[in-house]
There are 2 protein chains.
Amino acid sequence: MTTDFKQQTTVTLSEVAEAAGVGESTVSRVLRNHGSFSGKARERVLDAVERLGYVPNRIAGTLASAGSRLVAFVIPSLTNIVFPDVLRGAGAVLEENHYQAVFSVTDYEPEREEALVAAMLAWRPTAVMLAGFEHTGGTLKMLRASGCRVVELLDIDGIAIDLAVGFSNREAGRASAEFLLKRGYRRIGYVGHDLDRDTRAGKRFDGFRETLNRAGVRLVDREIRAGASSVGNGRAALEQLLRRAPGLDAVYFSNDDMALGGYFHCLADAISVPTRLALFGHNGLDIGQATPQPLTTIRTPRVATGKLAAELVINDHPSHVADLGFELIEGATA
Amino acid sequence: MTTDFKQQTTVTLSEVAEAAGVGESTVSRVLRNHGSFSGKARERVLDAVERLGYVPNRIAGTLASAGSRLVAFVIPSLTNIVFPDVLRGAGAVLEENHYQAVFSVTDYEPEREEALVAAMLAWRPTAVMLAGFEHTGGTLKMLRASGCRVVELLDIDGIAIDLAVGFSNREAGRASAEFLLKRGYRRIGYVGHDLDRDTRAGKRFDGFRETLNRAGVRLVDREIRAGASSVGNGRAALEQLLRRAPGLDAVYFSNDDMALGGYFHCLADAISVPTRLALFGHNGLDIGQATPQPLTTIRTPRVATGKLAAELVINDHPSHVADLGFELIEGATA
DNA sequence: ACCAAAATTGGTAGCGCTGCCAAAAAAATC
DNA sequence: GATTTTTTTGGCAGCGCTACCAATTTTGGT
């Protein structure tokens, strides 16, 4: 039993050393299981740790030893489930290896990203994880000067700073277009959210249009909403688009959230899917596969991206671009 | 212009001091804007900082000054959007005040929570934020001994360690039952996910049943699925429940994810909602309000919870339980 | 011009830990 | 039993910064 009242002064390693009747170095070695020590010493140290309720101070440990075992995530959003998924994949691996995840959210603003990267670097993280390749000059300069590993996530269409893990958004856009064309759709529209900020969605759209053009098919119309992607936004956007272009036979959405909104609009307006209108999303969210008609979409390797990113960093893998690919889900909406 | 090649050795404060021709203390004061210094000194320091690309080392700063300005979140899941929402609310406030969020995920397992809390305390955070009141004895002991602030989130039905911010889940369950009873439903069922682990969902269910019982209405049947809540899970569960109890006129779901799944089952099976079957969720997710019929549910103060939790911690507010309440959304499914 | 008060500045002792080294103890060898 | 080899151990100098204090410069008042 340890004492239960709140301790004024936190227990330090040297107090443990004294209580155990050994030197500080011995305590340090035992606790990190590093270097050599006798079984007896080990026992006395662990006993003292238990008795005093000692919790090592990693701030001090880090300062003394260099490696922080902190991995910083600077991500655009927590609302878009994509990023929590990546965090989840990375978190599991990091934790197993005794790394800690630190994060902050940019709201898709490059200037905020720059400020947050600066704040993160102050913790001397082992690695910084960012979304995509579009960063300010300041961000690039800081990251390069920092000497810490950098992983750019969920995109491989561009020049990586160091490591990149993800898939080709442009290719995903192309694959989506090819699928719709193969199915015979020709009067195609697009519904998207703010593309200046979500550059990965922009790249998909580029790939999509490129393939349409190459096939001699013109994108009939597009509806691009300001602000973040959301189901409500997608629903309103499709309604708007159809008002302008009622003859469309297929719509490509910037992602599944938007597409689900579109699907709900069709359900509400009794527009039969895909007979009258086909819908195509992006991401392959679980919810899109639980709707009455599963969404036709592209499943992206979000958790795997996080996982691999963490592994590369932990193993200090040399600079590298990893393409995890994607998978087209032939649902029932296109 | 600074040099662009990777710096072998990171720049330290004393190098800045030398380059600026001032003492270390002056650099420190200027950078923290704390204590007094002349305009000329300020200028020279900032100039040197810029020239050398100096990034302060907060590890060292923290060790020297005590306060870590780190806030640790130990949350059950990132998949359940509830927690990213809380993080989002807290993140904004923390960032403004130059705190950093650190997090790890317990998967709803108390033992993992204990291990993760221990790991977090090693960073000497200003506060630890946890979900709910159910913790192991070890977790409680560590937290109490740590001397750092503790916030328990999204629950107020229990005894708080220090601070608690959220709403009464039991009360939410009661309100849900009252609503269904008031609307005249009497053949009521329940669809839930693993309640041993998600104790807050369990408390809602308790409050729900209590109110039914008090009104002399018996819960007809329930379907409880192992594993996490998800739309797919909810869909399968409702199907199963209706097979056993086809005469139900209303179903209460453990949360909106499950309820959406139920709604999709009804759409797919042409069960008219709410005429033939009423559905009631919990959380008030945006997506539930964008479906053809908006979900009848309870909106919970997730972002506000995160926000207030962060504010209380930053202002070092005395121990306190804050009830942020909830709001019943009369959608179209009940 | 002189002295007191205020503003500015630099030196230095830690913060709690790890890494290195040399000393001490234990084990192995002849 | 003496000597070498191996294992275990403790002391102590930092890691980069902040807090404190004393020294210096500037300012203001007379």
Side-chain angles (χ1 to χ4, degrees), chain A residues 7-45 48-49 52-70 98 121-126 146-148, chain B residues 7-45 48-49 52-70 98 121-126 146-148:
Chain A
Q7 311 183 252
Q8 235 16 277
T9 167
T10 45
V11 184
T12 68
L13 181 140
S14 80
E15 299 179 69
V16 173
E18 190 173 16
V22 301
E24 299 185 18
S25 334
T26 302
V27 177
S28 177
R29 281 185 292 252
V30 169
L31 291 179
R32 285 177 302 144
N33 196 31
H34 176 276
S36 73
F37 46 83
S38 63
K40 199 181 64 193
R42 198 185 103 92
E43 203 171 301
R44 301 179 64 177
V45 167
V49 164
L52 302 179
Y54 171 68
V55 177
N57 184 333
R58 280 185 77 168
I59 302 274
T62 297
L63 182 60
S65 68
S68 77
R69 295 205 159 236
L70 228 36
H98 307 286
L121 288 177
W123 290 103
R124 298 290 186 271
T126 303
S146 73
C148 75
Chain B
Q7 309 182 254
Q8 240 9 281
T9 167
T10 46
V11 185
T12 68
L13 181 140
S14 80
E15 299 179 69
V16 173
E18 189 174 15
V22 301
E24 299 185 18
S25 332
T26 302
V27 177
S28 176
R29 281 184 293 252
V30 169
L31 291 179
R32 286 176 301 143
N33 195 32
H34 177 275
S36 75
F37 47 83
S38 63
K40 198 181 61 191
R42 198 185 103 94
E43 205 171 300
R44 302 179 62 178
V45 167
V49 164
L52 302 179
Y54 172 67
V55 176
N57 183 332
R58 280 186 76 167
I59 301 275
T62 298
L63 183 60
S65 68
S68 78
R69 295 204 158 235
L70 228 37
H98 307 287
L121 288 177
W123 290 102
R124 299 290 186 272
T126 303
S146 74
C148 76

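In what follows, every chain begins at residue 1, and chains take the letters A, B, ... in the order their sequences are listed. For clarity, every value in this text was computed on a predicted model and none was experimentally measured. Reckoned from all heavy atoms, side chains included, excluding hydrogens, waters and symmetry mates.
Nearest-nucleotide mapping onto DNA chain C: of B:Lys40 and A:Val55, the residue sitting toward the 5' end is B:Lys40. With DNA chain D read from its 5' end, the first of the two nearest nucleotides for B:Ser25 and B:Ile59 is the one closest to B:Ile59.
The separation between A:Glu24 atom CD and D:dG10 atom P is 10 Å, rounded to whole Å. Rounded to whole Å, atom C1' of C:dT18 lies 14 Å from atom CZ of A:Arg69. Separating the OH atom of B:Tyr54 from the C1' atom of D:dG16 is a distance of 7 Å, rounded to the nearest angstrom. Remark: P of C:dA26 and CZ of A:Phe37 are 17 Å apart, rounded to the nearest angstrom. Between A:Leu63 atom CG and D:dC17 atom C1' the separation is 8 Å, expressed in whole Å. One interatomic measurement links the two molecules: CD of A:Glu18 to P of D:dG11, which rounds to 11 Å at whole-angstrom precision. When the P atom of D:dT8 is taken as reference, atom CD of A:Glu43 falls 15 Å away, rounded to whole Å. Atoms CG (B:Leu13) and C1' (D:dC15) sit 13 Å apart, rounded to a whole Å.
Between C:dA7 and B:Ser36, no contact under 4.0 Å exists linking OP1 or OP2 to a side-chain N or O. Under 4.0 angstrom from either OP1 or OP2 of D:dG16 there lies no side-chain N or O belonging to B:Thr12. Between A:Arg32 and C:dC17, a side-chain N or O to OP1/OP2 separation shorter than 4.0 Å is absent. At least one side-chain nitrogen or oxygen of B:Ser28 sits closer than 4.0 Å to the OP1 or OP2 atom of D:dT18. Checking the phosphate oxygens (OP1, OP2) of C:dC17, no side-chain nitrogen or oxygen of A:Ser65 falls inside 4.0 Å.
When all heavy atoms are compared, the tightest approach of A:Ile59 to B:Thr62 is CD1-CG2, 3.9 Å. Taking each heavy atom of B:Ala20 and B:Ala48 in turn, the nearest pair found is CB-CB, 3.8 Å. When all heavy atoms are compared, the tightest approach of A:Val16 to A:Leu52 is CA-CD1, 3.9 Å.
Within 4.0 Å of B:Arg29, counting heavy atoms only, lies at least one base atom of the nucleic acid. Among the heavy atoms of the strands lying under 4.0 Å from A:Ser38 are primed sugar atoms or P, OP1, OP2 only; no base atom is included. Within the nucleic acid shown, B:Ala17 has no heavy atom closer than 4.0 Å to any nucleic acid atom.
No side-chain donor from either of A:Ser25 and A:Arg29 sits under 3.5 Å from a side-chain acceptor of the other.
In the displayed structure, A:Arg42 atom CZ is contacted under 6.0 Å by at most 12 heavy atoms of other residues, nucleotides or ligands.
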